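Have a look at the structure below before the remarks.
Position 1 is the first residue of the sequence; numbering continues from there. Only a predicted model underlies this, so the values are computations on that prediction, with no experimental measurement involved.
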Amino acid sequence: MAYWTPASVRPPGTAPDQIIALIAGGREAVFHAMEKAEDDESAAGTTLREHHLAPQDCVIGIAASGRTPYVLAGLQHARRTGALTIGLSVNPHSAMAAIVDIAINPDTGPEVLTGSSRLKAGTAQKMVLNMISTAGMVRLGKVFGNLMVDVAVTNAKLEARQARIVMQACNCDHKKAEELLAASGRHCKTAIQMPLGKLDAQGARSLLANHKGRLLPAIMAAGQKKATRHD
């Protein structure tokens with residue numbers, strides 16, 4: 001089970017409290033088998049309350065069968081809270097599909113090894129989660145064209161990626177990209193906004209903030225302002 005917290009203007013990258021993964025049995029269950037934990041219906045609600053689940057959040061229940069008690073209880077708690085609920089299973093007629101706002105049920109058919117749902121079912125569910133998270137990041141304005149412009153600089157590899165992104169977005173060479181990144185405090189969106197919007201770093205940051213960090217609308221707004229001044 002997982003849930004998304006509200007989208008607001010955040011630092012580059014994804015804040016650790018924006019997407020939270022929960023598993024029956026807690027962190028220990030990631031490393032040691034705790035099969036009985038998935039039958040504990042009370043644990044899901046308790047954990048969601050501890051994380052201060054709110055109506056503007058989204059809870060995604062993940063269970064191959066669509067009937068795991070821990071997941072069902074978590075989704076029911078989310079519905080009472082008013083959060084959006086999504087059920088992801090490979091059983092379109094499951095109990096989970098009946099209680100969620102949105103049911104996603106890829107038809108994977110019988111497993112090659114009976115009962116081993118980590119194979120086809122698990123692979124399909126991972127693909128769906130990739131689609132959901134990627135689409136979510138696009139809607140949050142973390143993508144410009146096909147470029148991940150909210151990349152956080154935490155190591156040398158990502159610094160190099162940042163430069164390549166700016167080079168591609170601005171059609172400039174590596175030296176110019178590094179100059180833009182230095183002027184922007186290595187904030188990728190600001191670095192791109194500066195030449196495309198014909199702004200200095202302060203103006204680019206301000207316009208981005210006015211558009212909730214969404215780069216394309218900020219660039220378009222900069223162009224409209226300049227056209228108005230010329231008129």
Side-chain angles (χ1 to χ4, degrees), residues 1-10 13-111 113-142 212:
M1 186 165 58
Y3 78 86
W4 286 51
T5 63
S8 59
V9 178
R10 297 177 180 271
T14 303
D17 63 344
Q18 189 172 7
I19 303 175
I20 300 174
L22 305 174
I23 185 171
R27 182 178 176 82
E28 186 67 18
V30 176
F31 305 99
H32 302 284
M34 298 179 66
E35 287 90 348
K36 286 186 178 180
E38 68 180 39
D39 295 330
D40 188 349
E41 297 183 31
S42 64
T46 299
T47 303
L48 288 171
R49 280 190 292 271
E50 289 172 352
H51 285 285
H52 309 293
L53 184 72
Q56 62 266 40
D57 296 333
C58 171
V59 175
I60 304 174
I62 307 163
S65 66
R67 59 173 183 266
T68 305
Y70 174 86
V71 178
L72 290 176
L75 289 167
Q76 288 164 341
H77 175 83
R79 284 182 65 85
R80 290 193 295 271
T81 303
L84 175 70
T85 56
I86 300 174
L88 175 55
S89 80
V90 295
N91 179 4
H93 307 295
S94 69
M96 185 164 72
I99 66 170
V100 294
D101 297 307
I102 301 170
I104 302 175
N105 308 114
D107 183 5
T108 58
E111 291 292 353
L113 297 176
T114 301
S116 187
S117 58
R118 69 183 182 85
L119 299 176
K120 289 200 293 182
T123 300
Q125 287 176 305
K126 175 63 166 62
M127 292 172 68
V128 170
L129 291 172
N130 283 346
M131 295 176 202
I132 291 173
S133 60
T134 301
M137 293 302 110
V138 171
R139 290 293 300 273
L140 289 175
K142 293 177 178 291
K212 298 183 179 180

Query raised in the report: Distance from M131 atom CE to I104 atom CD1, nearest 0.5 Å?
Result: 9.5 Å
Query raised in the report: Closest heavy-atom contact between P106 and V128?
Result: CG-CG2, 4.4 Å
**Report entry** Side-chain heavy-atom pair I86, C58 within 4.5 angstrom cut-off
**Finding:** yes
Query raised in the report: Residues two or more places apart in sequence or in another chain: which of them pass side chain to side chain donor-acceptor pair (under 3.5 Å) with S89?
Result: N105
Report task. Please tell me if the side chains of L72 and I99 come closer than 4.5 Å, counting only heavy atoms from C-beta onward. Result -> yes
Requested in this report: Return the minimal non-hydrogen interatomic distance between L53 and T81, and the atom names on each side.
Outcome: O-CG2, 3.6 Å
Query raised in the report: Which atom names give the shortest non-hydrogen contact between D39 and P69, and what distance separates them?
Result: OD1-CG, 3.8 Å
Query raised in the report: Please, which pairs that meet side-chain hydrogen bond (donor to acceptor under 3.5 Å, both in side chains) have at least one residue in residues 90-99, sequence neighbours excluded?
Result: none
Query raised in the report: How close do N130 and T134 get, heavy atom to heavy atom, and via which atoms?
Result: O-OG1, 2.7 Å
Requested in this report: To the nearest 0.5 angstrom, please state how far the CD atom of Q125 sits from the CD1 atom of I132.
Outcome: 10.5 Å
**Report entry** Pair listing, salt bridge (charged side-chain N to carboxylate O under 4.0 Å, His left out) test, anchored in residues 113-137, at least two apart
**Finding:** none
**Report entry** R139: partners by side-chain contact (heavy atoms from CB on, under 4.5 Å), with sequence neighbours left out
**Finding:** none
Requested in this report: Enter the distance from D57:CG to Q18:CD here, rounded to the nearest 0.5 Å.
Outcome: 10.5 Å
Report summary line: Taken in chain and number order and not counting sequence neighbours, the residues that satisfy salt bridge (charged side-chain N to carboxylate O under 4.0 Å, His left out) with D101 are R79
Query raised in the report: Should I62 and V71 count as side-chain neighbours, where that means a heavy-atom distance under 4.5 Å?
Result: no
Query raised in the report: So, the side chain of T68 versus the backbone of Y70: is there a donor-acceptor pair under 3.5 Å, distance only?
Result: no
Requested in this report: Nearest 0.5 Å please: distance from the CG atom of L113 over to the CG atom of L119.
Outcome: 5.5 Å
Report task. List the atom of A64, the atom of A121, and the distance in Å for their closest heavy-atom pair. Result -> CB-CB, 4.1 Å
Side-chain donor/acceptor pairs under 3.5 Å, residues 19-38, sequence neighbours excluded:
unit_1 : atom_1 : unit_2 : atom_2 : d
E28    : OE2    : H32    : NE2    : 3.3

Report summary line: Shortest non-hydrogen pair, V59 vs A78, comes out as CG2-CB, 3.6 Å
